[in-house]
Amino acid sequence: MAWTWFHRLGSPPYVYALCARLTPWLAWPAALLIAGGLYAGLVLAPPDYQQGEGFRIIYVHAPSAWMSLMVYTVMALAAATGLVWRIKVAHAVAAACAPIGASFTFAALVTGSLWGAPMWGTFWEWDPRLTSELVLLLLYLGYLGLRSAIDDPQRADRASAVLAVVGVVNVPIIHYSVVWWNSLHQAASVMRIGKPAMPPAMLLPLLAVLAGFTLLFAALLLVRVRGEILERERGARWVAQELAQS
Amino acid sequence: MTDPALEVHDLHLWRGEHHLLRGIGFSLASGQFLRLSGANGAGKTSLLRTLCGLIWPEQGTVRWRGADVHSDLRAFHAEMVYLGHEPPLKADLTARENLRYWVGLRRAVTCAELDRALTHMGVMECGDRPVRQLSAGQRRRIALAGLSLLPVALWLLDEPTTNLDAQGEELVAQLIAGQLARGAVVVAALHRDLPQTPMQAVRLELAA
Amino acid sequence: MSPAALTAIRLILQRDLRVAFRRPGQLLQPLVFFIMVTLLFPLGVSPELSRLREIAAGVLWAAALLASLLALEFLFREDAHDGTLEQQVLSGQSLTAAIFAKTLAHWLLTGLPLALVTPLAAASLGAPSASWAGIVVAVLLGTAALSLIGSIGAALTLGVRRGSLLLPLLVLPLSLPVLIFGARATQLAIAGAPYLAPLQLLAALAVLGVTLAPLAAAAAVRVSLE
């Protein structure tokens, strides 16, 4: 009976209730970690000896950039699960991931360019990280665009799932080709963060925010998955009962 | 009583919000003919497309010779032909070129066979004209000529008599009768009865 | 590959090439588009060949990318419309092999002629004749990779509202590596430097595309016909 949990995860009412129960357990630690990490990073940590106070934006930028990739991976895994085993809930998870991932990617781009303004003297520099983030944002937008262009929800699920899987295979190829391209054209003006040289007073807050963002993503995902499930199952009887109770 | 060849069990299909097929079930033995009828939008085409495995039903199964068709779609497809609303012909190619491709995907076909099939369907003289110059009825006859060259175990036909004259309908009836006599299963969506109702015909009326 | 799949590939190649040659105008569209885009730059930037030479690689590749994107429209849309794509899915043959054959035909009809007219465009942008061979090989490999990547996008946007507007959004981000390596090889060729490394990377992309893209496009076609 090892597979029962797997089958139960395919049942929308079960997952809907599970999401509701788990959300606070993720949201509160996320809030605490992010608040603590940001306070420690923005106020307590010493200024960088080269970049001064400007470096502090990495406490938002680096976790956002990390999340943008992680969310894409989660989305592709959920999409592949839905595609292979035809599980509706998996497609709901993938659909819920996309706007969150796109938001993190957008945040990473904006903070990256804000960081660049004092460092490079310009808001946009064709830095490989930022360029990769930009391409990732386009991948998210393509996914959302395809999903919204198809009327039939199941075809939309499956078509966008194929795209997500193709995208996740391509993300590393795109990233390394961008790095390769950049290495030819400019000397190292690359944003260096998270290198071992970072003292613990700087590194620990970063890790705290990173963990906080990951939990935040999980909490947001659960909330969005509930929404997706409600929308997909709006004709079902259990949804009517659920809505009558609340 | 032979074993059923095509079994459909409790088929449900939603198209968006619309619960189109509600618990369709039937089983057909070899040599049996099923005529689907129902108003426009009742789900005849969707049912046929579900039977050929193009659409996955939300619920229910389609079994061919005891196995779920989705367990080995390619093996199932090798045993069936589906002819949709429109004759599957490329407008820029001639009738002969079209058939050599369509039939050729499944089996080697000789010129003599092609000639015979085209002659039988009464479209021999337009065999070398591009399909775009032909009338809808002629195209339908060419598609039927192709069908007659593919005597596989299951035919799924969506309105095979569309655009045909009385003589054409007669040809469709003959084609189906010959196919049934060979022991094949035929499912066809038809608005009107064929001129001669095949033996062992079953009717399924889909409610709108 | 089974003999049946090889027969199917031969039949599809034969049919697609035949259909295309009955309508030569459609074949010329991407080529004319490619030449026109490359002509815009001398008019827009400067007639000095020395200045054009600097941007030649980027211009050629951006134009090639756009032209192959334009040509993707022809890949599946008509087959889906006239029902022959559906028959292909239902033929009991490997759909992956069929899609590979269709993509190959598409490349023979668009990528190959594009590569053959590239020297013309390259010359107009000031590329020395010694660089032409390298540029043509790069465009041959690059357009093959683009056709393969594009086949996925074309299959996904079948039967989608405003699919032709969505197609570039899906395909362009995935095409960036091709653009990067292709433009680099072209740049090096124009400068008279050894250009084998980016060419090899381009070939690697094409090989990866041949192995994976037909699989993904076949899955996408099945979804689109559902």
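The basis for the numbers below is simple: all heavy atoms, side chains too, and nothing from hydrogens, waters or symmetry mates. Residue numbers begin at 1 in each chain, while the letters A, B, ... track the order of the sequences.
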B:His19, NE2 atom: more than 12 neighbouring heavy atoms under 6.0 Å: yes

Non-hydrogen side-chain atoms of C:Leu140 and C:Trp107 separated by less than 4.5 Å: yes

Top contributor to chain C contacts, counting heavy-atom pairs under 4.5 Å, from B:Arg49, B:Met80, B:Arg74: B:Arg74

More than 12 heavy atoms of other groups within 6.0 Å of B:His12 NE2: yes

Salt bridge flag under 4.0 Å for residues C:Asp79 and C:Arg15: yes

Sub-4.5 Å side-chain heavy-atom contact between B:Leu154 and B:Leu51: no

Chain C contacts, top residue of B:Asn98, B:Thr50, B:Leu83, B:Leu54 (heavy-atom pairs, under 4.5 Å): B:Leu54

Atom group of B:Arg15 that falls short of 4.5 Å from chain C, counting heavy atoms: side chain

Pairwise side-chain contact, B:Phe26 with B:Ile24, heavy-atom cut-off 4.5 Å (strictly under): yes

Heavy-atom check, side chain of B:Arg106 versus side chain of B:Val81, under 4.5 Å: yes

Residue among B:Ala78, B:Ala75, B:Pro88, B:Gly53 with most heavy-atom pairs under 4.5 Å to chain C: B:Pro88

Closest-packed option against chain B by number of heavy-atom pairs under 4.5 Å, given C:Gly92, C:Ala4, C:Ala8, C:Gly83: C:Gly92

Under 4.5 Å from a heavy atom of chain B, the part of C:Glu86 involved: side chain

Heavy-atom pairs under 4.5 Å with chain B, option from C:Gln87, C:Arg222, C:Gln14 with the top count: C:Gln87

Chain B contact via C:Arg10 - which portion, at a heavy-atom distance below 4.5 Å: neither

Contacting moiety of C:Ile12, where chain B heavy atoms sit under 4.5 Å: both

Residue B:Glu86 excluded, over 12 heavy atoms near CD under 6.0 Å: no

Under 4.5 Å from any heavy atom of chain C - which part of B:Pro87: backbone

Interchain contact, B:Leu89 with chain C, by part (heavy-atom threshold 4.5 Å): backbone

Top contributor to chain C contacts, counting heavy-atom pairs under 4.5 Å, from B:Leu93, B:Leu73, B:Ile55: B:Leu93

